[in-house]
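Before any comments, here is the structure.
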Amino acid sequence: MSDMPDVNNSNQQPYIKTIADKKSLAEKPSSTIPSELSLAFTLAFNSFSVSIEQTISISAITGIYGDSGSGKSTLLRVIAGLEHRANGQLSLNGTALQNSDNKCFIKAEKRQIGLVFQDSRLFPHLTVYENLAYGAKRQKNRQLTIDKVLTLTQLNKLQHQNVTQLSGGEKQRVSIARALLAEPKLLLLDEPFSALDKTTKSQMLTILKAIQQQLKLPMLYVSHSLSELQYIADQLVIVSAGKMSQSAPIHQAIHELNSRGETSPKTSLSLTIVEHLPDYGLTRLSLPTIQSSNQSSNHSSNHSIYSPILEQTSNPRLIGQQLPFIIYARDISISTTKPEHSSIVNHLPATITAIDYSNTNALVTLNTDGQKFYAQISLWSTKRMALTTQATVFIQFKANAVHSYHYTEPTHHA
Ligand SMILES: Nc1ncnc2c1ncn2[C@@H]1O[C@H](COP(=O)(O)OP(=O)(O)OP(=O)(O)O)[C@@H](O)[C@H]1O
């Protein structure tokens with residue numbers, strides 16, 4: 001039994017019936033024509049100012065990450081048309097939202113931009129359906145019906161319930177449903193799930209991602225949780241002290257934060273779901289196809305990675321799909337020989353490409369078939385093992401170190 005996987009199955013996340021079909025679960029952005037949001041404005045408060053000059057091309061969900069007080073909500077308020085004091089130019093897909101030079105300012109309600117806040121802001125004396133019907137009244141020539149929006153947000157069964165009787169997650173789904181009914185060209189979400197517990201949050205994120213893929217609606221999603229953004233967003237911008245970075249693909253953006261030492265260092269990667277192993281409580285994943293160095297051919301990685309089981313069903317929907325995963329650098333260790341007799345299920349050959357030393361430990365960057373991995377190890381180990389760049393080693397990590405926000409409904413055994 002010594003080589004049985006050492007896995008705690010408490011994180012089992014079996015199958016949920018989501019609105020997503022097989023194709024829509026893929027991480028790739030499904031919109032073909034990205035929305036261009038052009039920002040060139042300054043907004044000064046007494047002791048703080050936001051000054052942004054950037055064009056963001058939004059294909060699916062662009063994450064906005066930054067510390068508390070860095071200006072994220074102010075940015076969304078300016079885009080939504082709630083900050084008349086902002087000075088400069090804003091446009092969406094070439095149409096001006098604001099131009100201070102000619103005193104153009106399109107009112108918030110005319111911008112076709114939806115905004116979902118952290119709190120749901122619903123009419124408390126109305127039912128779910130009545131809240132949606134109230135919002136729908138203003139909309140002419142609507143393509144999206146209330147019924148369709150109820151289905152998208154999985155609210156059909158709750159439609160006649162008074163909104164005061166709903167949980168936090170259900171209320172937020174009503175807020176999203178109401179925003180969708182207005183058929184915005186862009187949806188802004190300001191930490192919409194920050195008040196929810198982790199399981200409800202992961203359910204909401206999975207639903208929101210599927211809605212984006214079905215409606216092909218571009219979204220800007222603000223959060224100070226990088227793992228939440230890693231699951232939901234295909235690209236990331238960082239807001240810091242009222243300034244905004246260039247957007248970058250999500251995994252690259254997270255790896256750049258590693259090298260700046262701003263968060264717990266982590267490997268951010270997309271993995272393909274190969275098979276579920278219910279007898280062992282594991283799902284087998286593989287590194288996706290990687291472009292070879294001469295760029296002339298692709299090859300598939302033969303390396304498997306095991307995570308806690310993602311779905312338990314006779315009709316698994318995730319097989320063949322890609323999902324984003326995070327592995328914290330503190331959870332990856334390095335061995336100079338192949339670990340043949342370890343309970344740890346994941347071990348991959350890798351080449352060290354960089355070693356960054358701090359006062360307490362070293363962050364080792366490694367490469368396996370073109371995929372970057374990060375391992376945080378003690379200074380003592382780097383010295384004892386005489387680790388150097390270009391060295392060929394093995395990385396290892398437990399299945400439980402492979403995290404995903406993907407939500408699957410718990411199985412109820414009889
Ligand atoms: N109406 C206002 N008047 C004066 N100062 C303001 C106003 N709105 C925001 N600020 C200041 O602007 C700064 C940025 O606020 P903002 O709410 O945009 O930050 P944030 O990044 O969204 O923070 P959090 O993550 O905590 O929500 C803060 O220092 C805040 O005090």
Side-chain angles (χ1 to χ4, degrees), residues 37-56 58 61-90 92 97-98 100 105-109 111 113-122 168-169 171-172 175-176 179 184 186-198 200-202 204-205 208 218-233 235-248 250 253-254 256-257 260-264 266 405:
L37 178 65
S38 181
L39 308 167
F41 73 88
T42 301
L43 173 57
F45 300 121
N46 288 343
S47 56
F48 186 82
S49 73
V50 180
S51 181
I52 291 176
E53 193 163 348
Q54 198 87 249
T55 296
I56 321 174
I58 310 167
I61 303 181
T62 296
I64 302 179
Y65 174 69
D67 292 336
S68 190
S70 57
K72 306 180 296 296
S73 299
T74 305
L75 167 62
L76 289 201
R77 288 174 57 77
V78 170
I79 298 168
L82 300 174
E83 282 291 354
H84 290 257
R85 292 167 291 180
N87 191 41
Q89 284 94 40
L90 277 86
L92 181 61
L97 301 172
Q98 176 174 352
S100 304
F105 188 93
I106 308 295
K107 286 184 186 161
E109 57 273 24
R111 289 194 179 194
I113 294 177
L115 183 52
V116 176
F117 298 93
Q118 185 177 343
D119 53 328
S120 44
R121 305 186 186 190
L122 303 171
K171 281 185 190 153
Q172 283 306 72
S175 298
I176 292 169
L186 174 66
L187 184 61
L188 312 176
L189 301 116
D190 194 356
E191 307 215 35
F193 309 134
S194 59
L196 308 180
D197 62 73
K198 181 148 192 284
T200 312
K201 189 188 282 190
S202 107
M204 295 298 113
L205 291 171
L208 184 68
M219 301 183 187
L220 282 179
Y221 186 102
V222 162
S223 177
H224 57 261
S225 159
L226 209 49
S227 53
E228 192 177 325
L229 290 166
Q230 195 262 358
Y231 175 69
I232 195 123
Q235 62 172 1
L236 195 69
V237 295
I238 295 158
V239 174
S240 173
K243 302 267 189 276
M244 193 171 86
S245 71
Q246 294 279 355
S247 62
I250 188 74
I254 289 173
E256 283 168 8
L257 286 169
R260 291 206 247 145
E262 287 180 22
T263 59
S264 327
K266 49 186 89 61
Y405 247 117

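Order of listing sets the numbers, starting from 1, for every ligand and every atom in it. Computed from a prediction, not measured in an experiment: that's the story for all the values here.
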Handout entry: Contacts of E191 that satisfy salt bridge (Lys or Arg N to Asp or Glu O under 4.0 Å) - sequence neighbours left out
Key = none

Handout entry: Within the protein, residues bringing a heavy atom under 4.0 Å of ligand 1, chain by chain
Key = F45, F48, D67, S68, G69, S70, G71, K72, S73, T74, R85, E191

Handout entry: Y221-E228 side chain donor-acceptor pair, cut-off 3.5 Å
Key = yes

Problem - Under the side chain to side chain donor-acceptor pair (under 3.5 Å) test, residues paired with S70 that sit two or more places apart - result: none

Handout entry: Lys NZ or Arg CZ of R111 over F105 ring: under 6.0 Å, within 45°
Key = yes

Exercise for the section: Mind checking salt bridge (Lys or Arg N to Asp or Glu O under 4.0 Å) for D119 and listing every partner two or more places apart, or none if nothing turns up? Expected result: R121

Practice task
Tell me whether the guanidinium CZ or amine NZ of K198 lies under 6.0 angstrom from the six-membered ring centre of Y405 and within 45° of its axis.
Solution key: yes

